[in-house]
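I have placed the structure first, in the form of structure tokens, so that the comments after it can refer back to it.
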Amino acid sequence: MESHFSLKVINLKKYFPVSRGFFAGPQKYVKAVDNISFVVEKGGTLGIVGESGSGKTTLARLVLRLIEPTSGSVYFDNKNIFELNKHELRRLRPQMQMIFQDPMASLNPRKKVKQILAQVLKLHTSLSSEEIHERILSLLEKVGLSPPELFLERYPHELSGGQRQRVCISRAIALNPRLLIADEPVSALDVSVRGQIIKLLLDIYNESRGDMTYIVISHDIALIKSMCKNTLVMYLGRMVELGETDRIIESPLHPYTKVLISAIPIPDPESARERKRIPITGEPPSLIDPPPGCHFHPRCPYVMDKCRTETPSYFQVDDRLVSCFLYE
Ligand SMILES: Nc1ncnc2c1ncn2[C@@H]1O[C@H](COP(=O)(O)OP(=O)(O)OP(=O)(O)O)[C@@H](O)[C@H]1O
Ligand SMILES: [Mg+2]
């Protein structure tokens with residue numbers, strides 16, 4: 001039977017060992033991704049939101065097996081990608097692509113745009129040089145670098161930030177991936193071009209007509225709202241809430257999500273006045289020595305005694321999962 005899940009992540013963990021000083025005690029770990037599970041349907045969209053250092057990029061890199069997990073599994077097309085051998089993984093690679101957080105760093109500064117794209121096409125297709133050239137022109141056109149001939153011979157530093165991101169997007173879609181992860185796709189860009197890039201990403205998704213599964217990573221839930229049906233909220237390596245984006249924004253359940261949502265600017269001053277902004281207190285704690293119990297408890301306005309010692313599991317509230325004792 002064919003599964004309708006594109007992606008199924010089970011108890012995924014990535015612990016990075018922290019280098020020890022000469023006199024240091026036992027080995028410590030940064031628990032960048034700590035026991036995360038979720039599914040995304042075929043053609044579905046998932047946003048991953050959380051503050052800097054919460055583990056979003058690490059989670060994405062695990063999902064694409066760009067790094068090996070400490071434990072857990074990622075099923076893509078019903079196969080655990082961590083069990084694939086080199087050959088199988090190489091066949092899967094073109095189908096899972098990522099638009100990286102820093103467009104400048106992800107493009108080779110010594111390669112021209114046409115070489116950057118040709119490299120991917122040569123590696124994973126059997127197209128002739130002529131066909132590759134044609135394909136590059138149509139890819140550039142598709143991502144709004146028009147006329148494409150103008151961009152073929154340019155090096156990354158000869159492009160604007162928005163144009164560079166368009167090149168990254170064209171590379172990510174060059175092989176018609178079935179899973180596309182966009183990691184902070186607009187945060188490095190000037191505000192004036194953000195809207196255009198978001199529109200481009202949405203157009204690409206819509207044109208795929210349900211063939212492409214999208215994951216969008218951002219610290220900005222307003223951006224996620226414009227792109228993703230479901231949202232996973234991360235806090236210090238853990239998933240704190242998972243559910244429909246609109247529902248999460250309407251009525252956030254986890255206290256951390258409440259803080260996150262209350263910080264979204266509201267265009268309408270009338271309703272803005274009515275809404276209470278929840279202040280967040282205290283610095284985000286260190287990932288090396290996270291607080292015991294619920295990681296959020298030192299900053300939580302609703303903290304209870306058990307939050308300081310026990311880790312909440314997931315409680316289901318309607319269609320949502322939330323990791324907080326308020327919903328036990
Ligand atoms: N290769 C690595 N070795 C050691 N620690 C790492 C490594 N990669 C990430 N980390 C740590 O894991 C934690 C999560 O990092 P990650 O980049 O996943 O966060 P993020 O949510 O993407 O943050 P940002 O919003 O700033 O991009 C951080 O504390 C980071 O320092
Ligand atoms: Mg990141």
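One-based numbering, in listed order, for ligands and for the atoms of each.
Salt-bridge formation is detected for the pair D246/K225: a Lys NZ or Arg NE/NH1/NH2 atom is positioned less than 4.0 Å from an Asp or Glu carboxylate oxygen. Looking at R61 and D183, no side-chain N of the basic residue comes within less than 4.0 Å of a carboxylate O on the acidic one, giving no salt bridge. A salt bridge does not link E41 with K229: every distance from a Lys NZ or Arg NE/NH1/NH2 to an Asp or Glu carboxylate oxygen is 4.0 Å or more. Comment: K79 does not engage E88 in a salt bridge, judged by the lack of any side-chain N to carboxylate O separation of less than 4.0 angstrom.
Counting heavy-atom neighbours within 6.0 Å of N206 CG, excluding the residue itself, gives a total above 12.
Donor-acceptor pairing under 3.5 Å is lacking for the side chains of S218 and D220.
Listed by chain and number, T57 OG1, Q101 OE1 are the protein N/O/S atoms closer than 2.8 Å to the Mg ion (ligand 2), with waters left out.
Ring geometry for Y235 versus F296: interplanar angle over 60°, hence perpendicular rather than tilted (30 to 60°).
Near ligand 1, residues F16, V30, A32, E51, S52, G53, S54, G55, K56, T57, T58, Q101, L287 each place a heavy atom inside the 4.0 Å sphere around the ligand atoms.
Cluster annotation: L137 is connected to L175 through the hydrophobic network of ILVMFWY side chains, with a link wherever side-chain heavy atoms come within less than 4.5 Å.
The side-chain heavy atoms of E241 and Y256, taken from C-beta on, include no pair separated by under 4.5 Å.
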